[in-house]
Number of protein chains: 2
Amino acid sequence: MLERKPSLTEQAKVYIKQRILDGEFEGERIPSETELASELGVSRTTIRDALSRLEIEGVIYRKQGSGTYVNEPGLQIKTRLEEIWSYEAVLKAHGYTPSTRILGVQTAPAGPDLAAELNLAPDAAVITVEKLFLEDEEPVIFTRNQIPSALLTEPYEREAWAQPVYQFLSNYGRQRLTYYISEIIPIIASPGLAEILHIAEGVPLISFSEIGYNEDNEPVLRAYSYLRDDLLRLRLIRRKIT
Amino acid sequence: MLERKPSLTEQAKVYIKQRILDGEFEGERIPSETELASELGVSRTTIRDALSRLEIEGVIYRKQGSGTYVNEPGLQIKTRLEEIWSYEAVLKAHGYTPSTRILGVQTAPAGPDLAAELNLAPDAAVITVEKLFLEDEEPVIFTRNQIPSALLTEPYEREAWAQPVYQFLSNYGRQRLTYYISEIIPIIASPGLAEILHIAEGVPLISFSEIGYNEDNEPVLRAYSYLRDDLLRLRLIRRKIT
DNA sequence: TAGTGGTCTAGACCACAAA
DNA sequence: TTGTGGTCTAGACCACTAG
């Protein structure tokens, strides 16, 4: 019934999630692991893997001895902090139809601080890109990304920066961004930021200060983001880890 | 060699993590899954489960065909947002020796808004508890928790509120808090907050607005927290989920 | 080509919840 | 007592990395 590739687990996950989104279980128990396994013709282990991922996503929860249930509150979460990879996608998930504007692209020496953060020589060239994400002409997110020039091995147009950074790095730098380490910092809009984001000076904002790492665990990206809380509220699920 | 209970997976996880923390692998590859399995006398599946959890915690990362490695940047993270359950524990992880002060305990009708959030009648009694977490007489976190009185089935002393809420709810309310849904909101210190937290008015703060759910997926707790960013910086790992 | 992690199976036993 | 999810095993094959 199912083919390999994508993995059976992935297919099972999508299948179960779809049935949940269709509202088929509506606050009830979903079929038991054994049932799902025989229904899809896979082993129970495969089903359990799929359910575990859905549990992490907050879509379901499990009660030993009782069953597996749909997690209604979890379904409401549009933006899961741990999974933000493209601000465009985040805005779309909120029902917006976002556009991206490239505000500036510059190349300059890293300087001592940035060099230390990205494991570079202080005079190594770094590209700084500033972007603005808008919903219907209204700015929502402002970002500043910094990438060592040496990483970009392929030629590209300025407009290529409009795509998500992780995609850009993959396409033009042969780098796979695998994770970020992020700090969440509350700030007050400076005059410059206020103008860019079309808000009053002194309005509180969330900012992210992040370093992105590739699959070899090397820092390849320094990023700062500033989010308008009135248009984009961050949410997450906090749970006990075993 | 190992006994059941706690689970073999849990024991394996602790064992491997300890060797990592001891610096035994120091930026190198850790033993292969097969090696670890035969070393501990368990199946490879068990080892893989343990490693998967360590990967989620950000302690290690894996590269197919190559090996499993220590994730140095991940080890630096003291406070993982998705796992905050006790602010005392968070402060300890930052090297502080925290104390807890109960600022107030009151009972009052829920009112329409809170009643809607907690699935209560508007006139149902709700207990509001305000606490302050300090490091060496310096306030770091201020919290306000609201719990339906009806949930508290056992008698308790006022001082019992000093323990973490999830523990309190378990001890005196027979409720198991299983997860929170949290909103992260940037705010500016109001005069009242500024006084409580010993900061200047207008300083930016992170606040959490949260609802806690029990194992039956029912809301049992409304919580607000205010964190001093200068003393406690929030960090998290963002990664792609399969 | 050898060794690593990634996926998957079939089956066993346990802990727990509900009838 | 029955059925659920939780843990664990032994073994198979695949995809990928590195020498």
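Since this is a predicted model, take the numbers as computed values, not measurements. Each chain gets a letter, A, B and so on, in the order its sequence line appears, and its residues count up from 1.
In this structure, CG of B/Leu8 is placed 11 Å from P of D/dT7, rounded to the nearest angstrom. Rounded to whole Å, the distance from CZ on B/Arg29 to C1' on C/dA2 is 12 Å. Protein atom CZ of A/Arg62 is 15 Å distant from nucleotide atom C1' of C/dA15, rounded to whole Å. Distance, B/Leu51 CG to C/dG5 P: 8 Å, rounded to whole Å. To the nearest angstrom, P of D/dG3 lies 17 Å from CG of A/Leu36. To the nearest angstrom, C1' of D/dT4 lies 14 Å from OH of A/Tyr61. Straight-line distance from the CD1 atom of B/Ile47 to the C1' atom of C/dG6: 16 Å, rounded to whole Å. If you take CG of B/Leu54 and C1' of C/dG5, they are 15 Å apart, rounded to a whole angstrom.
B/Ser32 pairs by the side-chain contact (heavy atoms from CB on, under 4.5 Å) definition with B/Thr34, B/Glu35, not counting sequence neighbours. Not counting sequence neighbours, the partners of A/Arg19 by the salt bridge (Lys or Arg N to Asp or Glu O under 4.0 Å) test are A/Glu24, A/Glu39. Qualifying side-chain contact (heavy atoms from CB on, under 4.5 Å) partners for A/Ser52, counting only residues two or more places apart in sequence or in other chains: A/Arg62. Under the salt bridge (Lys or Arg N to Asp or Glu O under 4.0 Å) criterion, B/Lys17 pairs with B/Glu57, not counting sequence neighbours. Residues passing the side-chain contact (heavy atoms from CB on, under 4.5 Å) test with A/Glu154, sequence neighbours excluded: A/Tyr172, A/Arg174. The side-chain contact (heavy atoms from CB on, under 4.5 Å) test applied to A/Pro164 returns A/Ser86, A/Tyr166, A/Gln167, not counting sequence neighbours. Under the side-chain hydrogen bond (donor to acceptor under 3.5 Å, both in side chains) criterion, B/Thr100 pairs with B/Glu88, not counting sequence neighbours.
Ring-centre distance between B/Tyr156 and B/Phe168: below the 6.0 Å cut-off.
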For nucleotides 10-12 of chain D, which of its nitrogen or oxygen atoms have a protein nitrogen or oxygen under 3.5 Å away, and what is each distance?
residue, atom, partner, partner atom, Å
D/dA10, N6, B/Thr45, OG1, 3.4

N/O to N/O distances under 3.5 Å, protein versus nucleotides 17-19 of chain C:
residue, atom, partner, partner atom, Å
C/dA17, O4', A/Gly65, O, 3.4

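One finds a side-chain N or O of A/Arg48 lying less than 4.0 angstrom from the OP1 or OP2 phosphate oxygen of D/dG6. A sub-4.0 Å separation between OP1 or OP2 of D/dC8 and a side-chain N or O of B/Thr9 is present. Distances shown here put a side-chain N or O of B/Thr68 below 4.0 Å from the OP1 or OP2 atom of C/dG5.
B/Thr34 comes within 4.0 angstrom of no nucleic acid atom, judged by non-hydrogen atoms across all strands.
Identified under the side chain to side chain donor-acceptor pair (under 3.5 Å) test for residues 41-51 of chain A, with sequence neighbours left out: A/Glu33-A/Arg44, A/Glu33-A/Arg48, A/Ser43-A/Thr46.
Paired regions of DNA chain D, where each region holds three or more successive Watson-Crick or G-U pairs whose two hydrogen-bonding distances fall under 3.5 Å, are C:1-18 with D:1-18.
A cation-pi arrangement is present between A/Arg238 and B/Tyr180, with the terminal nitrogen or guanidinium carbon under 6.0 Å from the aromatic centre and inside a 45° cone about the axis.
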task = Check the pair B/Tyr69 / B/Ile60 against side chain to side chain contact (heavy atoms under 4.5 Å, CB included), numbers first and verdict last.
result = CA-CA 6 Å; B/Tyr69 303 82; B/Ile60 60 168; over 6 Å; no
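Checking C/dT9, C/dT4, D/dG6 against the side-chain heavy atoms of A/Glu33 singles out D/dG6 as nearest.
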Under 3.5 Å, which donor-acceptor pairs link side chains of residues 107-129 of chain B to any protein atom two or more places apart or in another chain?
residue, atom, partner, partner atom, Å
B/Glu117, OE1, B/Arg222, NE, 2.7
B/Glu117, OE2, B/Arg222, NE, 3.2
B/Glu117, OE2, B/Arg222, NH2, 3.3
B/Thr128, OG1, B/Gln146, NE2, 3.1

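In terms of position along DNA chain C, the nucleotide closest to B/Glu35 lies nearer the 5' end than the nucleotide closest to the other residue of the pair B/Glu35 and A/Asp49.
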